[in-house]
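Starting from 1, each residue takes its place in the sequence as its number.
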Amino acid sequence: MSTNQPAQRTASVAGGDGGTPDARQLRTILIAVSIALMAVIASVSGLNVAQTHMAVEFGASQNTVLWIINVYTLALAALLLPLGAIGDRLGRKPMLIAGLGVFGVAHVVAGLAPTAEVMIAARVASGIGAAMIMPITLAVITSTFPEEQRGKAIGVWTGVAGGGGILGMFLSALLVDIADWRRLFVLPVVLVIVALGMTLKSVPNSRERSAHSFDTVGALVSTVAVIGLIFVLQEGPERGWTAPATLISLAVGLIAGIGFVAWELHRRDASLLDVRLFRERGMAGGSITLLVVFGVQAGIAVVLFPFFQAVLGWSGLLSTVAMMPMAVMMMMTSGLAPKTVARIGSRSTMAVGIALAGVGLVLMALFVSVDGGYLTILPGMLAMGIGMGLSMTPSTEAITGSLPREKQGVASALNDITREFGTALGVAMLGALLSAGYRNAIDDRLQGVPHGAAETAREGIANAVEVSGSTGSHAQQIVHAAQQSFVDGWQQAMWAGAAVMGALFVYITLRGPKNPAPVAVDEAGAGAAETIAAGDRVGT
């Protein structure tokens with residue numbers, strides 16, 4: 001089955017001046033799409049630091065606050081695939097410009113929102129704008145950069161995608177500490193304005209023409225499937241995994257997902273996403289790796305922040321600063337990963353990265369302690385950052401390289417959907433393991449504590465710390481029990497993550513992407529061969 005040169009399809013790519021972008025313009029393009037991506041990624045996690053402020057100002061319940069946060073991710077994940085495909089057809093530059101406009105206006109509205117209902121509507125609009133932006137940023141890279149430089153550019157993109165969330169949380173926490181929580185929306189708007197100006201000036205347009213009509217049915221069914229499954233992962237921990245809403249959503253998501261696969265197999269070359277490509281090592285290996293790596297990363301964040309705040313007693317700002325070493329290592333190694341791929345190949349680079357990330361989890365599980373504090377987990381965090389950076393870049397290249405040039409919006413969207421599913425799955429699963437381990441461990445440590453206080457302490461470490469102040473002589477016992485029990489739950493979650501990484505390592509070692517043919521790298525970055533490759537390449 002040929003995936004690189006489908007019949008009856010043509011591509012059109014042009015630089016901003018009607019020719020192929022030169023080295024200087026390529027750098028500007030990379031900066032522009034990276035800034036646009038940073039705005040989207042920072043908005044995923046930024047509002048987490050303002051939950052209490054929103055609840056007070058809007059008089060909203062915790063469930064409403066969670067909807068304000070989660071509805072953005074829900075809209076983003078649901079629309080990535082259809083909007084990525086539409087961008088391929090209508091033009092990637094117009095789609096990026098429109099997405100930046102929608103995203104920016106929605107953030108202005110959110111910053112001024114007088115009620116929770118207006119805020120939710122603005123967050124939905126932000127998610128729609130983000131779904132227009134995110135797949136296009138990667139599609140612009142894969143359709144514009146010559147093959148010799150594409151790996152390095154994708155490395156920068158994956159570094160921003162991986163570390164941008166932590167950086168966004170740091171900047172958001174800083175703004176909340178020194179100003180008002182509504183200033184959180186200023187940063188994405190500023191990034192959008194900068195990205196929009198650079199896009200208008202430097203980003204070339206590219207679009208693809210197809211003899212087939214747009215797969216409207218596939219787009220609609222995929223949207224329903226993603227909404228159903230993401231809703232389950234977001235709401236299951238809150239509502240309960242056996243709650244009617246959770247089970248109905250799961251059923252709808254699974255039925256729609258099966259229907260989507262069946263329909264795409266029926267459409268074949270006219271499909272929104274050719275699911276037959278998952279038989280190939282590149283597509284399957286890259287997707288599974290990103291799913292697991294981003295899931296573990298998100299799950300680790302869920303575990304780390306309570307550790308910093310409730311166990312170590314740190315502020316939200318200091319807690320985000322403590323996460324920065326992992327983010328910095330991830331972003332650095334994402335940029336260096338293409339050189340490693342050139343030396344030892346994609347599969348080996350992914351395997352090394354996965355192994356290092358697994359070692360990081362093991363280190364944190366073995367050495368974490370209440371008394372040892374931050375230094376007991378720092379080596380594990382650094383190893384995880386390096387490992388994730390090494391594994392993400394070749395995984396992303398494997399996915400985009402499995403689809404032809406005219407489907408790069410779809411390839412990018414699939415890459416992003418995999419990340420979003422992994423994030424939601426990791427938060428739900430590792431968070432549930434941590435909670436279960438905490439509850440199981442704390443029961444034996446609350447002997448003699450009044451029943452009401454003990455029941456509150458079992459709900460979570462933050463609850464235990466809060467209730468301890470009203471228990472007199474039992475206060476120290478409750479706090480110590482909660483901290484030790486949290487570490488027990490932490491270790492259970494880390495060992496589970498390490499086991500998943502071990503399974504992924506075996507899979508990639510045996511069935512990972514095949515190494516691509518060597519490509520000579522022009523260190524100057526701007527030769528005639530590069531310009532020809534940028535215009536003529538159809539797929540990897």
Could you give me the CA-CA distance, side-chain angles and deciding distance for Ile141 and Thr137, then say whether side-chain contact (heavy atoms from CB on, under 4.5 Å) is met? CA-CA 7 Å; Ile141 291 174; Thr137 57; over 6 Å; no

State, yes or no, whether a side-chain contact exists between Ile399 and Ser287 at a heavy-atom distance under 4.5 Å. yes

Ala322 and Met381 have their tightest heavy-atom pair at O-CE, 3.2 Å

Hey, does Phe145 have a side-chain heavy atom less than 4.5 Å from the side chain of Leu26? yes

Verify, without hydrogens or angle tests, whether Ser412 (side chain) and Pro135 (backbone) share a donor-acceptor contact under 3.5 angstrom. yes

Report yes or no: does Asn205 contribute a side-chain atom to a donor-acceptor pair with the main-chain N or O of Lys93 at less than 3.5 Å? yes

Starting at CG of Leu81, measure out to OG1 of Thr223 and round the result to the nearest 0.5 Å. 8.0 Å

For residues Asn415 and Leu290, report the shortest heavy-atom separation together with the two atoms involved. OD1-CD1, 2.8 Å

Aromatic rings Trp67 and Phe231: how do their planes relate, parallel, tilted or perpendicular, breaks at 30° and 60°? tilted

Using modelled atom types only, decide if a donor and an acceptor are shared between the side chain of Arg123 and the backbone of Tyr72 within a distance under 3.5 Å. no

Could you tell me whether the side chain of Thr115 and the main chain of Val118 form a donor-acceptor pair under 3.5 Å? yes

For atom CZ of Arg183, decide whether the heavy atoms of other residues, nucleotides or ligands shown that lie under 6.0 angstrom number more than 12. no

Here the gap from Leu356 atom CG to Met329 atom CE, rounded to the nearest 0.5 Å, amounts to 10.0 Å

Shortest non-hydrogen pair, Phe260 vs Leu273, comes out as CZ-CB, 4.2 Å

Charged N to carboxylate O under 4.0 angstrom, Glu264 versus Arg276? no

State whether the side chain of Ser249 and the backbone N or O of Gly228 hold a donor-acceptor pair below 3.5 Å, judged by distance alone. yes

Between Ile230 and Ala424, what is the shortest heavy-atom contact and its length? CD1-CB, 4.1 Å

Mind checking whether Phe294 and Glu420 have side chains closer than 4.5 Å, heavy atoms only? no

Go through the steps for Thr393 and Trp157 under the test side-chain contact (heavy atoms from CB on, under 4.5 Å), then give the verdict. CA-CA 8 Å; Thr393 299; Trp157 188 94; over 6 Å; no

With side-chain contact (heavy atoms from CB on, under 4.5 Å) as the criterion, how do Leu318 and Phe308 come out once you've worked through the C-alpha distance, each side chain's angles and the decisive distance to 0.1 Å? CA-CA 8 Å; Leu318 186 56; Phe308 294 146; over 6 Å; no

Criterion side-chain contact (heavy atoms from CB on, under 4.5 Å) on Ile41 and Met134, from CA distance to verdict: CA-CA 9 Å; Ile41 297 298; Met134 197 171 182; 3.6 Å; yes

Quick one: pull up NE2 in His107 and CG in Leu112 and give me the separation to the nearest 0.5 Å. 12.5 Å

Before you tell me yes or no, could you show the steps for Thr396 and Arg419 under side chain to side chain donor-acceptor pair (under 3.5 Å), namely the whole-Å CA-CA distance, both residues' side-chain angles and the distance that decides it to 0.1 Å? CA-CA 10 Å; Thr396 299; Arg419 293 166 184 264; 3.0 Å; yes

Counting C-beta onward and ignoring hydrogens, is there a side-chain heavy-atom pair between Arg267 and Asp274 closer than 4.5 Å? no

I'd like to know if the side chain of Thr320 reaches the main chain of Leu317, judged simply by a donor and an acceptor atom lying under 3.5 Å from each other, with no hydrogens or angles considered. yes

Hey, which of Ile31, Leu30, Leu37 is the one that makes side chain to side chain contact (heavy atoms under 4.5 Å, CB included) with Ser34? Leu30

Minimum-distance pair of heavy atoms, taken over all atoms of Met392 and Val293: CG-CG1, 4.1 Å

All heavy atoms of Thr28 vs all of Ser202, minimum pair found to be CG2-OG, 3.2 Å

Taking Lys152 for the side chain and Gly335 for the main chain, is one N or O donor matched with an acceptor at less than 3.5 Å? no

If you round to the nearest 0.5 Å, how far is CD of Glu397 from CG of Leu138? 10.0 Å

Heavy-atom side-chain contact between Phe185 and Val108 under 4.5 Å: no

Test item: Thr289 side-chain N/O and Gly286 main-chain N/O as donor-acceptor pair under 3.5 Å: no

Check: Thr144 and Arg150 side chains under 4.5 Å, non-hydrogen atoms: no

Taking atom CE of Met332 as the centre, does the number of heavy atoms from other residues, nucleotides or ligands within less than 6.0 Å exceed 12? no

Let me confirm one number: the CZ-CG distance from Phe103 to Leu76, rounded to the nearest 0.5 Å. 9.0 Å

Interatomic distance, Ile136 atom CD1 to Asp88 atom CG [nearest 0.5 angstrom]: 6.5 Å

Keeping the roles fixed (side chain from Thr158, backbone from Gly155), state whether a donor-acceptor pair exists under 3.5 Å. yes

Report yes if some heavy atom in the side chain of Met323 is under 4.5 Å from a heavy atom in the side chain of Phe170; otherwise report no. no

Would you check if Val296 and Met384 make a side-chain contact, meaning some heavy-atom pair closer than 4.5 Å? yes

